[in-house]
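Written out below as structure tokens is the structure these notes cover.
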Amino acid sequence: MDTIKYVVAICTLSICAFMFIAPLGSQRACHDPVNVLSGSQATRSEISAFDTSLLDSRHYVKGPATGRFRDNLREEFRYITAWNFAGMTNDFMVYINLIFLAYMSHRIPIIPPFIPASSHIGHNGPVLLFGDVYDLPRLREALNWPILEWSDVKKAKYNDTFDSHNPEMDGVEKEVLGCWGAQQAFDKNNRPTPALTPGFLNLEVVYTPIPFLAKLQPKYPPDTHVSFSGLASILRPVGRAEALAAPSAKNHTSFIAHLKDQFHPPDEQLACFDNMYFVASKDTFEWQEPHGPAWNLVGTEARFNPKLDELASSYLRQVFGKDEIPLYIAVHIRRTDFKNWCKGAAIKDCFAPLSAYGERVKQVQEELRQQYGSTSPRGRVTEVLVSSDEDDLEFWKDVRGLGWKYVDYEAMETVNKHGLWYPSLLDTVIHSRAAGFVGTEKSTMSLVAARRVNDWHGGATRQTWPGQRFALENIKYVVAACTVTICGFIFISPLGSRYAHYDPANVVVPELQATGTEISAFDMSLLDSHRYVKGPATGRFRDNLKEEFQYITAWDYAGMTNDFMININLIFLAHMSHRIPIIPPFIPSSDHIGPNGPVLQFSDVYDLPRLREALKWPILEWSDVKIAGYNEIFDDIDPEMEGVEEEMLGCWGAQQAFNKDNYPTASLTPGFLNLEVGYTPVPYFVKLQPKNPPDTHVSFSGLASILRPVGRAEALAAPSAKNYTSFVPHLKDQSLPPDEQLACFDNLYFVASKDTFEWQERHGPAWNLVGTEARFTPKLDELASSYLRLVFGKEEVPLYIAVHIRRTDFKDACKGGPIEDCLPPLSTYGERVRQVQEELRQQYGSTSPRGNVTEVLVSSDENDPKFWKDVLDLGWKYVNHEAMETVDIHGLW
């Protein structure tokens with residue numbers, strides 16, 4: 001009943017929130033961006049000890065491009081790709097999303113070329129490689145991740161004029177490839193997104209729809225966004241098996257006539273998707289949000305090819321008539337293909353006039369003045385440079401009349417000299433070089449330009465609605481979205497039931513040992529902890545952290561399993577934010593084993609060397625960094641230790657921000673480590689569900705964003721940042737800004753990528769990509785084996801079903817009523833055991849050992865002897881730790 005009340009509360013609040021939904025793109029306006037002092041060039045620290053020669057493409061293919069891609073992929077690696085979508089900027093966004101998903105799923109991305117679109121430069125342009133536009137060696141180094149292009153893998157007419165009929169090439173074969181239909185799954189006609197890339201590469205593609213569980217907003221059917229975590233989950237063996245067992249998998253199709261009704265399952269070695277434009281971590285159209293991880297962690301590192309950058313400089317020098325290019329504000333006015341929205345209305349009545357853009361220019365100038373000061377060059381930018389696809393000569397005359405400049409590509413014969421792509425390419429680079437930017441709302445070219453100006457130069461940006469008709473159409477869209485969403489929430493499912501679309505008994509799971517391909521060319525010695533500290537643990541952590549790296553940590557929360565989940569979330573966030581995690585120890589809590597147990601290190605329980613190798617990521621423990629009483633009996637007062645100093649540390653309050661009393665989560669770790677911590681609340685934009693005030697979950701992408709210079713500046717400029725506090729009395733009213741080198745959080749338990757309590761969801765990325773790799777230490781594993789041999793009385797431990805019955809602290813929910821009326825009886829667990837046995841039988845077959853599991857082993861914190869007698873009466877077994885003197889021999893844990 002309590003759960004049902006909670007869900008109803010969520011429904012009610014969400015309906016109210018959607019009735020007052022803000023216009024698309026305005027939800028992040030929580031504070032005045034004028035006051036944001038942003039960083040600049042570097043968006044994060046490089047983990048530079050990695051050997052960059054290992055990023056060379058030649059490590060990941062067998063040789064030069066071949067006529068069949070399958071002949072060139074190396075068997076020991078797994079790869080991922082996707083196709084083009086509607087123009088160069090959209091393609092850029094697709095390819096950045098692809099690299100981010102590759103990063104999440106531990107695969108090697110293969111980036112397609114840019115293919116000329118009829119709606120932009122026309123089909124007669126050349127096919128352009130990603131590396132012709134972007135500095136790919138720099139991007140690989142910034143991400144410490146191998147990135148291939150299709151030109152590394154398979155022969156095709158790269159850099160030639162695009163031919164949609166794609167005449168045959170010598171030695172190049174047509175190949176059938178099974179891909180996932182990310183958009184197909186939610187298209188009413190079961191159509192994947194058409195693309196030009198497969199034909200260009202001589203690929204005949206068959207698409208299988210992704211399952212419903214990958215949808216970003218399951219409660220809003222019209223939206224077709226899918227989640228990064230959902231896609232990553234279907235690239236793992238368990239998730240793939242579930243996806244192929246879903247009813248939607250039967251709706252496979254192809255644009256190739258003879259393959260339309262044939263089933264070719266999605267390729268396991270080369271995962272591929274029809275469209276990766278509508279993909280996000282938590283919000284639709286996430287590239288316009290400050291927390292969007294694909295831009296923050298990948299896109300911002302994609303700088304332009306030096307040759308293209310220099311060409312843009314030469315054009316700027318000509319336009320301004322100076323050898324030294326002045327600071328300028330770039331204005332992008334998109335019109336040509338937006339005219340469809342006018343629906344026959346006069347242009348002047350449809351599009352925003354130049355005066356509207358002029359107003360935005362003044363706003364940008366004022367913000368730069370406020371940000372940098374009126375005496376600074378950036379505080380008094382007067383030059384304005386316009387780009388537009390408008391071909392009306394009167395428009396350009398009006399531009400000149402305002403004293404603004406533009407690049408006249410026709411007069412400068414840019415297409416004749418450099419090719420059809422170059423007016424657009426040069427505009428893109430010129431936008432990115434600006435001190436401030438004014439764009440056109442709904443244009444992805446403007447959107448990405450604004451993000452570059454913000455991130456790369458600490459610039460000020462604004463967007464202008466194309467015109468009144470656009471605004472009216474958008475209002476209609478938002479109203480429709482509200483209406484549909486309200487209906488969706490009225491029929492909300494009970495918590496946790498949203499994925500019950502097919503019978504899991506029919507899922508056949510393949511080999512479960514490896515969850516991701518190892519990118520094994522990495523030098524494992526680079527993961528050694530000693531590389532990331534100055535020496536053995538010291539009395540001050542600041543004396544031991546190396547200046548060239550950035551780190552991240554968090555504190556304990558309510559018991560070992562919760563702490564394990566926090567530590568896995570911490571490692572996942574470290575991976576997202578490109579920092580080195582420092583894992584705290586397990587500290588005994590009074591509500592579990594009691595405060596008198598020893599402090600246990602993470603590596604006493606989990607095989608840390610194996611975890612580092614599986615993730616290809618350095619992981620430290622606090623015992624590597626600072627001296628404390630590790631493996632000793634916990635003393636929450638922590639007597640002084642020789643040579644150990646108390647240190648002040650500014651941390652983020654992830655839970656503090658949404659706690660009505662403005663309190664961070666209390667924890668034992670800081671005191672144990674002799675840290676006096678001051679907390680600053682995280683900003684509202686990191687909230688996972690902004691429209692559900694009672695819920696306190698925050699998003700991984702939001703936290704990652706505030707660990708970057710721009711996001712940090714925005715977070716510290718937010719009004720909530722003034723609500724700093726501390727559990728240490730003399731720091732309670734002092735502002736101690738969150739540390740930049742060692743990012744830290746009060747609590748990383750309530751963190752997720754898209755859904756609350758995500759560890760119980762199939763797509764949860766922290767478990768799928770990190771937690772599943774955290775195996776137990778060989779020593780602990782062997783000790784458990786010895787107990788199992790004793791319990792079963794056999795040298796070879798039989799297959800068994802484990803049953804965990806938690807009771808002691810759950811009795812509080814009974815509120816004084818009889819236990820039998822509150823907690824489920826053993827018979828309920830017995831029914832679940834039978835269901836598990838039946839599922840194993842269905843999955844592995846009745847003749848398989850796994851299909852005939854009869855042994856049942858119970859664990860519980862129940863201390864009533866009658867309970868354990870009933871367990872034995874069912875023919876079940878248990879480990880009697882009291883009789884076996886486990887605590888006396890091995891300790892409280």
Side-chain angles (χ1 to χ4, degrees), residues 1-7 494-497 556-566 586-598 600 605 634 665-668 749-750 756-757 759-761 767 771 776 780 783-784 787-788 790-792 800-837 839 853-893:
M1 287 298 294
D2 286 337
T3 300
I4 292 169
K5 288 178 194 170
Y6 172 74
V7 173
L495 195 65
S497 67
D556 65 287
Y557 176 68
M560 177 176 264
T561 304
N562 287 11
D563 288 349
F564 169 75
M565 295 164 74
I566 284 173
F586 296 113
I587 294 182
S589 62
S590 55
D591 55 346
H592 286 75
I593 69 165
N596 297 319
L600 208 60
V605 183
F634 175 64
T665 304
S667 63
L668 299 168
Y749 179 80
F750 297 100
T756 59
F757 301 105
W759 274 66
Q760 67 193 6
E761 305 294 348
W767 168 260
F776 297 105
L780 180 59
L783 182 60
Y787 271 73
L788 287 169
L790 286 167
V791 168
F792 290 114
Y800 60 91
I801 293 167
V803 177
H804 175 232
I805 303 175
R806 181 167 171 177
R807 287 201 165 192
T808 305
D809 54 342
F810 276 19
K811 287 177 182 175
D812 295 340
C814 300
K815 297 176 181 176
I819 297 298
E820 59 271 15
D821 294 341
C822 174
L823 298 178
L826 277 176
S827 59
T828 301
Y829 290 93
E831 181 55 37
R832 298 293 183 271
V833 167
R834 285 190 286 277
Q835 291 172 5
V836 167
Q837 288 170 324
E839 183 174 329
V853 181
T854 57
E855 294 284 7
V856 177
L857 187 67
V858 177
S859 66
S860 178
D861 53 359
E862 180 57 76
N863 50 25
D864 180 357
K866 183 180 182 306
F867 169 85
W868 291 108
K869 180 180 181 299
D870 292 343
V871 166
L872 294 175
D873 288 346
L874 287 169
W876 296 353
K877 295 181 174 65
Y878 66 93
V879 180
N880 190 335
H881 288 294
E882 188 174 354
M884 298 170 84
E885 300 182 334
T886 303
V887 170
D888 292 339
I889 297 171
H890 301 290
L892 277 168
W893 283 104

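All values derive from a computational prediction rather than experimental measurement. What you see below is based on every heavy atom in this structure, not just the backbone, and it leaves out hydrogens, waters and symmetry mates.
- Rounding to the nearest 0.5 Å gives a distance of 7.5 Å between OG1 of Thr665 and CZ of Phe750.
- Side-chain contact check for Val853 versus Val836: every heavy-atom pair is 4.5 Å or farther apart.
- For the pair Asp861 (side chain) and Arg806 (backbone), a donor-acceptor distance under 3.5 Å is absent.
- Here NZ of Lys869 is found 11.5 Å from CG of Asp864. Values are rounded to the nearest 0.5 Å.
- The two residues Tyr829 and His804 come nearest to each other via the heavy atoms CE2-O, 3.9 Å.
- The two residues Ser859 and Trp868 have their closest heavy-atom pair at C-CH2, 4.3 Å.
- Atom CG in Asp870 sits 10.5 Å away from atom CH2 in Trp876 (nearest 0.5 Å).
- We find the CG-CG distance between Asn880 and Leu790 to be 12.0 Å, quoted to the nearest 0.5 Å.
- Within a 6.0 Å sphere centred on CD of Glu882, heavy atoms belonging to other residues, nucleotides or ligands number 12 at most.
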Report task. Take Leu788 and Leu857 through the test side-chain contact (heavy atoms from CB on, under 4.5 Å) and record every step on the way to the result. Result -> CA-CA 9 Å; Leu788 287 169; Leu857 187 67; 3.6 Å; yes
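- Looking at every heavy atom in both residues, Val605 comes nearest to Leu600 through CG2-CD2, 3.7 Å.
- A search for side chain to side chain donor-acceptor pair (under 3.5 Å) contacts involving Ser860 returns nothing, not counting sequence neighbours.
- Listed for the Asp556 side chain is a donor-acceptor partner under 3.5 Å among the backbone atoms of Leu668.
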List the atom pairs, donor and acceptor, that lie under 3.5 Å between side-chain atoms in residues 884-893 and the rest of the protein, sequence neighbours left out.
unit_1: Thr886; atom_1: OG1; unit_2: Tyr787; atom_2: OH; d: 2.9
unit_1: Thr886; atom_1: OG1; unit_2: His881; atom_2: O; d: 3.4
unit_1: Thr886; atom_1: OG1; unit_2: His881; atom_2: ND1; d: 3.0
unit_1: Trp893; atom_1: NE1; unit_2: Pro598; atom_2: O; d: 2.6

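- We find the CH2-CD distance between Trp767 and Glu761 to be 15.0 Å, quoted to the nearest 0.5 Å.
- Closest heavy-atom contact between Pro588 and Gly597: CG-O, 3.3 Å.
- Here the shortest heavy-atom pairing between Val803 and Val856 reads CG2-CG1, 3.6 Å.
- Contact between Ile566 and Tyr557 at its shortest, heavy atoms only, is CD1-CB, 3.2 Å.
- Applying the 6.0 Å contact sphere to CZ of Phe564 captures more than 12 heavy atoms from other residues, nucleotides or ligands.
- Rounding to the nearest 0.5 Å gives a distance of 5.0 Å between CD1 of Ile587 and CZ of Phe634.
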